[in-house]
Amino acid sequence: KNIPIYKTDYLLRGMQLPAGEHTLELRFEPQSYTIGITLAWISLVIQIGIAIYFGFIFVRNRKSSNG
């Protein structure tokens, strides 16, 4: 169940909970974070692909020049 979050300080937040045992879960999942992580993974895959390609070219040219 969602409950309101109140600003209590510059850094702290407060919630009013009824008496009893509860599990409180706070999630911070902005869309910008998800987009950033996705772009970072895509960039990493592209960089690895480029490194493998240039490594292959380097090894191939080295073998052909050695004769």
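Starting from 1, each residue takes its place in the sequence as its number.
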Indicate every side-chain donor-acceptor pair of residues 6-23 with a distance under 3.5 Å to a residue at least two apart or in another chain.
from, atom 1, to, atom 2, distance (Å)
Thr8, OG1, Leu12, O, 3.2
Arg13, NH1, Asp9, O, 3.4
His22, NE2, Pro18, O, 2.7

Under 3.5 Å, which donor-acceptor pairs do the side chains of residues 31-38 form with other protein atoms, sequence neighbours left out?
from, atom 1, to, atom 2, distance (Å)
Thr38, OG1, Thr34, O, 2.9

Which pairs with one or both residues in residues 23-43 pass salt bridge (Lys or Arg N to Asp or Glu O under 4.0 Å), sequence neighbours excluded?
Glu25-Arg27, Arg27-Glu29
Applying side-chain hydrogen bond (donor to acceptor under 3.5 Å, both in side chains) to Gln47 and not counting sequence neighbours gives Ser43
Co-members of the apolar cluster containing Ile42 [side chain, <4.5 Å]
Ile46, Ile50, Tyr53, Phe54, Phe56, Ile57
Do Ile52 and Trp41 belong together in a cluster built from hydrophobic side chains that touch within less than 4.5 Å?
yes
Inter- and intrachain pairs under salt bridge (Lys or Arg N to Asp or Glu O under 4.0 Å), touching residues 30-43, at least two apart:
none
